[in-house]
Amino acid sequence: MTRLPDFDEVIDRIGTHSVKWDCMESLYGVSPQEGIAMWVADMDFRPPQAVQDALTTLMRQGVYGYWGDERAYTAAIQWWMANRHGWTIAPEWIFTTHGLVNGTSLCLQAFTQPGDGVVLMTPVYHAFARVIRASGRKVVECALKTVEGRYEMDFDAWDAQMDGTAKMLILCSPHNPGGRVWTAAELKATAEFAQRHNLILVSDEIHHDLVMPGHTHIPMAVAAPDQPVVMMTATTKTFNIAGAHSGNVIIADPALRARFGATMAAMGISPNSFGIAMATAAYSPEGAAWVDALNTYLDGNRQAFDAIVNTIPGVKSMPLEATYLAWVDFSGTGMAAPEFIARVEKTAKIAANHGATFGLGGDGCLRFNLATPRARVVDAANRLKAAFADLQ
Ligand SMILES: Cc1ncc(COP(=O)(O)O)c(C=O)c1O
């Protein structure tokens with residue numbers, strides 16, 4: 001039975017301990033009652049019914065002991081990666097972490113030493129830099145270049161930047177916040193860059209299922225099959241179950257796997273039963289149909305948002321190839337960040353992520369989360385248009 005969702009349903013999340021809605025006032029000064037939460041990357045949608053059913057089954061039985069017997073879980077992951085991503089994996093390659101920020105942090109512990117450099121292609125997901133610095137490692141910012149309105153890699157410039165102190169590269173694929181789906185050639189070139197500079201290659205592919213029509217995500221392990229790579233995937237972004245804090249680090253290479261396994265053991269990490277139950281139910285034919293419907297809906301949101309926002313003189317929303325995170329460049333307005341941010345927060349009453357937090361190249365932009373009912377996306381875009389009405 002296919003049970004497809006109504007993504008237009010407005011679900012009130014205020015007062016539910018949602019970081020997105022219940023912390024927007026303290027973080028952005030925007031009240032949730034009159035404002036719109038468009039910052040942190042979770043969606044205002046319920047997950048597939050199969051996920052709800054899995055939790056209901058757990059609750060009906062009502063005993064919440066330690067989880068064990070991973071066969072159904074690893075089989076579901078294998079099925080999903082083979083069917084949705086053309087990637088064949090073995091169960092013993094899979095480690096389950098408490099999310100992928102945790103996975104990133106474990107990679108830093110396993111593969112680098114304090115003081116080592118870690119390369120990021122900026123602007124990029126802000127938590128990478130946060131955990132690198134908190135772990136006593138150094139962020140090496142390699143700036144993406146903008147070519148015809150979208151981000152491209154710049155290996156000539158980055159080769160010149162490498163001085164031997166960097167030991168790891170964290171790729172974000174698809175890219176948050178630029179929404180790029182990297183091509184096979186770009187992925188291969190990234191693997192070669194990592195090899196040239198002896199960088200452990202970590203590929204965070206948490207957004208791999210959220211791909212717009214006309215684009216195809218290629219896992220790094222498929223694009224560069226001969227290169228050791230640490231792959232990071234999760235059900236949490238795809239199915240909006242981030243509160244489960246569950247993710248998978250998947251490593252085919254035996255030497256890297258042994259090092260990562262030793263760090264997992266040292267940290268005493270094992271999965272929680274709620275994350276496993278939800279992930280196993282999500283990686284299913286019903287979950288696949290739900291994601292297909294979601295991507296069609298998100299593509300409609302993206303088009304509705306861009307159609308309005310791109311009419312504001314000096315404002316440009318990067319065309320999204322993947323993710324539901326619109327990256328909007330305000331630099332063409334001639335305004336400094338405090339001014340356009342004030343207009344977005346105080347006049348439009350929208351909480352959006354500040355571009356500077358994504359690193360080098362981000363300060364002229366804001367990131368808007370479009371995974372909310374269409375009517376709210378259109379309302380937000382019209383509020384932005386009104387907040388910059390004097391430019392029109
Ligand atoms: C690239 C990327 N990695 C990781 C995460 C968060 O992962 P988790 O919630 O599993 O820690 C996000 C969240 O937006 C993300 O965009």
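Numbering of ligands and ligand atoms starts at 1, following listing order. What you are looking at is a predicted structure, and each value in this text was computed from that prediction instead of being measured.
- Using a distance-only test at 3.5 Å, with no hydrogens or angles considered, no donor-acceptor pair links the side chain of His207 to the main chain of Val181.
- For Arg180, the salt bridge (Lys or Arg N to Asp or Glu O under 4.0 Å) test picks out Glu186, Glu321, with sequence neighbours left out.
- Note: His175 and Trp182 have perpendicular aromatic rings, judged against thresholds of 30 and 60 degrees for the angle between ring planes.
- A donor-acceptor pair is defined here as one N or O able to donate and one able to accept, closer than 3.5 Å; such a pair exists between the side chain of Arg137 and the backbone of Thr112.
- Atom-to-atom distance recorded for Glu345:CD and Met24:CE is 9.5 Å, nearest 0.5 angstrom.
- Remark: Asp390 engages Arg343 in a salt bridge, criterion side-chain N to carboxylate O under 4.0 Å.
- Ordered by chain and residue number, the residues placing a heavy atom less than 4.0 Å from ligand 1 are Ala41, Gly99, Leu100, Val101, Tyr125, Cys172, Asn176, Asp204, Ile206, His207, Lys237.
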